[in-house]
Student: 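Would you mind keeping the following structure in view while I ask a few things?
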There are 4 protein chains.
Amino acid sequence: MARNATSGTSNGGTGTATGAAVPERLLAEATRLFAGRGYDRTSVQEIVEAAGVTKGALYHYFGSKDDLLHEIYGRVLRLQTERLDAIAARPNDVRDRLAEAAADVVVTSIENLDDTKIFFRSMHQLSPEKQKAVRAERRRYHETFRSLIEEGQRDGHFRPDVRPDLVVDFFFGSVHHLGTWYHADGPLSAKAVAAEFSDLLLHSVRQP
Amino acid sequence: MARNATSGTSNGGTGTATGAAVPERLLAEATRLFAGRGYDRTSVQEIVEAAGVTKGALYHYFGSKDDLLHEIYGRVLRLQTERLDAIAARPNDVRDRLAEAAADVVVTSIENLDDTKIFFRSMHQLSPEKQKAVRAERRRYHETFRSLIEEGQRDGHFRPDVRPDLVVDFFFGSVHHLGTWYHADGPLSAKAVAAEFSDLLLHSVRQP
Amino acid sequence: MARNATSGTSNGGTGTATGAAVPERLLAEATRLFAGRGYDRTSVQEIVEAAGVTKGALYHYFGSKDDLLHEIYGRVLRLQTERLDAIAARPNDVRDRLAEAAADVVVTSIENLDDTKIFFRSMHQLSPEKQKAVRAERRRYHETFRSLIEEGQRDGHFRPDVRPDLVVDFFFGSVHHLGTWYHADGPLSAKAVAAEFSDLLLHSVRQP
Amino acid sequence: MARNATSGTSNGGTGTATGAAVPERLLAEATRLFAGRGYDRTSVQEIVEAAGVTKGALYHYFGSKDDLLHEIYGRVLRLQTERLDAIAARPNDVRDRLAEAAADVVVTSIENLDDTKIFFRSMHQLSPEKQKAVRAERRRYHETFRSLIEEGQRDGHFRPDVRPDLVVDFFFGSVHHLGTWYHADGPLSAKAVAAEFSDLLLHSVRQP
DNA sequence: GATGAATGAGAGTTCATTCAT
DNA sequence: AATGAATGAACTCTCATTCAT
């Protein structure tokens with residue numbers, strides 16, 4: 001079980017290595033390493049060395065290696081859920097909200113590309129209970145997204161002959177896979193990808 | 001590297017466990033186990049036990065554990081490449097060919113769902129050289145697919161304002177993620193998903 | 001070494017968990033846990049959690065984990081030594097004194113069954129010096145017991161052809177093993193066992 | 001789970017270190033070390049170093065450290081059970097059979113003093129299931145012993161006013177504790193102790 | 001063609017203890 | 001009087017791979 005995470009003595013989260021508080025440093029390094037080598041291929045020893053502490057310190061804050069992964073998921077899930085909820089609650093035309101939600105999740109996925117990579121590659125390495133918890137939270141997120149599509153269908157803006165749940169799986173497959181091909185130093189900005197993915201989604205469902 | 005892989009289908013009937021030849025049995029069990037537990041969490045011992053042989057036998061046919069994974073990739077890549085090449089070479093309207101190619105890759109991905117799961121989860125666990133080889137072959141596949149989109153754009157059937165490479169990444173994200181949500185015993189047949197994914201792709205790119 | 005052990009019974013009412021003073025609570029919980037899981041398998045963390053204090057508190061009162069064990073031995077040794085000395089000093093017939101001493105050590109062993117279990121299972125986990133100290137005290141106890149047998153032999157009440165030291169080892173083997181089979185909720189009261197063990201001892205040595 | 005124990009390639013069980021077969025050597029060294037330091041304080045590393053092999057070899061033959069302990073128990077239990085069964089089945093007077101059984105278990109306990117020490121100190125460190133198995137076998141042994149006492153009571157040779165089960169616990173307490181005080185280089189031979197313990201037991205139960 | 005004993009390096013985790021506060 | 005973060009060493013166990021047979 002995660003013990004108490006932050007402790008919040010001081011430090012606003014500045015540096016990567018020795019500046020930040022210990023739990024933050026551990027999470028940051030774990031994220032970087034899990035994204036690079038994969039969860040199973042990253043040893044606890046590597047994490048603590050990268051964070052400049054000892055194993056004892058890690059196990060003081062986190063109950064297990066598994067716990068670190070769960071915490072990483074928690075952070076990104078919370079962030080994306082909050083943003084989607086805010087967008088979905090706006091008074092705009094549902095087409096605009098869907099477009100914005102789609103673009104937003106692409107941008108935040110690219111901004112947190114390490115978390116995105118970890119998400120789709122390592123989820124099945126979580127303990128069964130934690131996996132269940134993460135899936136439940138993810139399902140809530142997908143349901144909110146799906147409800148936008150359903151709303152658009154009721155309004156007559158979106159085609160009625162598509163299954164909203166399949167559209168969600170279709171789109172989030174694309175989003176989760178950003179980590180396999182997107183590179184920050186490539187020709188495409190996060191915004192450019194977001195605009196294009198959002199556009200593809202909208203065209204795929206809109207009433208012609 | 002794989003030494004001699006299959007040796008054909010004969011076998012002479014000496015097999016201890018099931019009917020098939022030893023290398024086939026090993027590949028089949030490895031595929032099943034890798035899909036279930038992941039590559040790193042599947043031990044060579046488990047594979048040989050499931051196949052009813054000993055470690056020595058495995059290392060007689062395959063040079064390493066890594067080699068098994070590479071062989072699995074090889075099979076599915078060969079299959080999908082052949083099918084795509086055949087579809088792309090037909091004389092039909094490019095919209096029909098794209099629709100058919102999209103539907104076909106969905107169906108074969110679902111029919112080989114274990115391979116699909118392994119593909120996107122375990123690619124980064126291959127040795128660097130083998131990873132490079134697989135990526136190269138995959139790129140060829142994507143290029144063929146992309147050329148269909150480019151052809152449609154030249155013909156005026158598809159919107160000119162989308163980047164063909166992004167469309168490919170968009171669509172194959174969806175395909176690779178089938179393994180995370182599709183269940184054979186669910187309400188949707190492989191064909192139904194294929195039809196819908198293909199339809200979503202076509203709508204997302206066609207000239208309105 | 002124990003620093004100041006008890007500090008009396010007062011406590012001022014500041015205790016966080018139950019009523020008793022901190023060192024007593026620690027000893028009580030340690031006894032319970034050592035008897036249940038064994039010394040090596042009980043962590044300092046478990047002890048302090050059971051007692052409702054922190055590690056710092058434990059190390060304030062006791063110099064080490066080893067020290068706790070030594071203190072537990074000290075208590076039960078002091079108790080049993082006092083009682084035996086009192087019984088041995090009475091003016092009764094030596095047969096009655098031996099019978100009473102035997103019955104008494106059985107009763108107090110059962111009443112402090114946790115200590116009994118710890119005694120014979122964990123003695124060798126004490127540090128060498130402490131082990132020596134405990135053994136010396138135990139030897140004194142055995143010598144007092146043995147002198148009763150020798151006295152009975154001189155008086156002609158007990159058979160002269162038995163070795164008193166062997167009788168002591170014979171009998172205390174039985175006593176120390178109470179912890180392995182006696183259960184408070186079984187059919188036998190402490191007194192019943194005490195009566196029978198005492199009777200068996202007396203029959204084994206008395207002059208027929 | 002214990003895998004296959006012996007393998008019996010050659011070697012009649014001569015030496016302690018490098019002569020004997022690997023599993024035998026491991027068991028012998030484990031017995032010596034467990035008796036000396038206790039189960040929990042003996043590391044797997046120490047065992048394999050003493051046996052001159054690597055950890056992998058140990059885990060090739062034994063499923064766990066726990067398994068080694070179980071195997072040690074198995075050997076001594078089997079030996080003592082066989083001997084008791086043989087003695088109990090003889091046609092002699094029951095008093096002679098009880099005396100012989102008592103003396104025999106003392107002699108074999110002293111001859112295998114390491115096993116005896118381990119038995120009473122480390123039983124509770126076995127996994128619950130294995131503990132149950134050992135206890136069941138031990139119970140059978142005790143029942144055979146108890147049946148001798150019951151037979152003697154029916155014949156009128158032994159006092160009817162003692163509980164046979166308590167006599168068994170009484171006597172085997174003494175036997176199990178041999179390990180705490182007996183030293184091979186002391187003044188008493190195994191036979192001398194056996195004769196005296198057997199004599200004490202017989203006097204404690206016989207009809208005066 | 002196939003065995004299985006053995007290796008050796010490294011995995012995650014636990015723990016008694018210390019010490020600045 | 002008491003905290004709790006942090007240490008560092010040791011723990012049991014796993015694993016892909018090799019090689020004499």
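Lettering of chains follows the sequences in order, A, B, ..., and the numbering in each one begins at 1.
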Student: Without decimals, in angstroms, what is the distance between A/F62 CZ and E/dG12 C1'?
Tutor: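 Whole-Å distance recorded here is 16 Å.
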
Student: Can you tell me which nucleotide in E/dG12, E/dG4, F/dG8 comes closest to the side chain of D/H60?
Tutor: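 The nucleotide sitting nearest to the side chain is E/dG4.
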
Student: Once you apply the 3.5 Å cut-off to both distances, tell me the Watson-Crick or G-U wobble partner of F/dA1, or none.
Tutor: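 Looking at the geometry, F/dA1 pairs with no nucleotide.
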
Student: Separation of B/D40 atom CG from F/dC15 atom C1', in whole Å?
Tutor: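 Interatomic distance, CG of B/D40 to C1' of F/dC15: 11 Å.
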
Student: For a side chain to side chain contact (heavy atoms under 4.5 Å, CB included) check, start with the C-alpha distance between A/L126 and A/K132, then their side-chain angles and the critical distance, and finish with the verdict.
Tutor: CA-CA 9 Å; A/L126 269 181; A/K132 212 171 149 186; over 6 Å; no

Student: Of all the choices, E/dA2, E/dT13, F/dA2, which nucleotide is nearest to the side chain of C/V22 once you look at every atom?
Tutor: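 Closest nucleotide to the C/V22 side chain: F/dA2.
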
Student: Separation of A/Y61 atom OH from E/dT13 atom P, in whole Å?
Tutor: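 Nearest whole value for this atom pair: 18 Å.
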
Student: In Watson-Crick or G-U wobble terms, both distances under 3.5 Å, what is the partner of E/dT14?
Tutor: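 Check on E/dT14: paired to F/dA9, both distances under 3.5 Å.
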
Student: Rounded to the nearest angstrom, tell me the gap between atom CG in B/L33 and atom P in F/dC15.
Tutor: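 Answer to the nearest Å: 13 Å.
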
Student: Do A/K55 side-chain and E/dT13 base share a donor-acceptor contact under 3.5 Å?
Tutor: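 Present.
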
Student: Mind calculating the distance between CZ (C/R41) and C1' (E/dA16) to the nearest angstrom?
Tutor: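 Answer to the nearest Å: 17 Å.
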
Student: Would you sort out whether D/E29 and D/R32 count as a salt bridge (charged side-chain N to carboxylate O under 4.0 Å, His left out), showing the intermediate values?
Tutor: CA-CA 5 Å; D/E29 295 301 329; D/R32 198 173 54 77; 2.5 Å; yes

Student: Using whole Å, report how far CD1 of C/I47 lies from P of E/dC15.
Tutor: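 Checked: the CD1 to P distance equals 11 Å.
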
Student: Grab the CD-P distance between B/Q45 and E/dA5 for me, whole Å please.
Tutor: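 Interatomic distance, CD of B/Q45 to P of E/dA5: 11 Å.
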
Student: By the definition ring pair (Phe, Tyr, Trp, His ring centres under 6.0 Å), identify the one residue from D/F119, D/F34, D/F120 that meets it with D/Y73.
Tutor: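 Testing each of D/F119, D/F34, D/F120 against D/Y73, the sole residue satisfying ring pair (Phe, Tyr, Trp, His ring centres under 6.0 Å) is D/F119.
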
Student: Counting only side-chain heavy atoms from C-beta out, which of E/dA6, E/dT13, E/dG1 sits nearest to D/A57?
Tutor: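 My answer, after comparing the listed nucleotides, is E/dA6.
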
Student: Residues of residues 117-125 of chain B with any non-hydrogen atom less than 4.0 angstrom from an atom of DNA chain F: list those, numerically ordered, please.
Tutor: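 Within residues 117-125 of chain B, no residue comes under 4.0 Å of DNA chain F.
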
Student: Nearest whole Å is fine: how far is E/dG1 P from B/L58 CG?
Tutor: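 After rounding, the gap between these two atoms is 14 Å.
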
Student: Is the shortest side-chain N/O distance from D/Y59 to OP1 or OP2 of F/dC13 below 4.0 Å?
Tutor: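 Affirmative; the distance criterion is met.
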
Student: Where the side chain of D/K65 is concerned, which of F/dA2, E/dG12, F/dC13 is the nearest nucleotide?
Tutor: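 Shortest atom-to-atom distance from the side chain points to F/dC13.
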
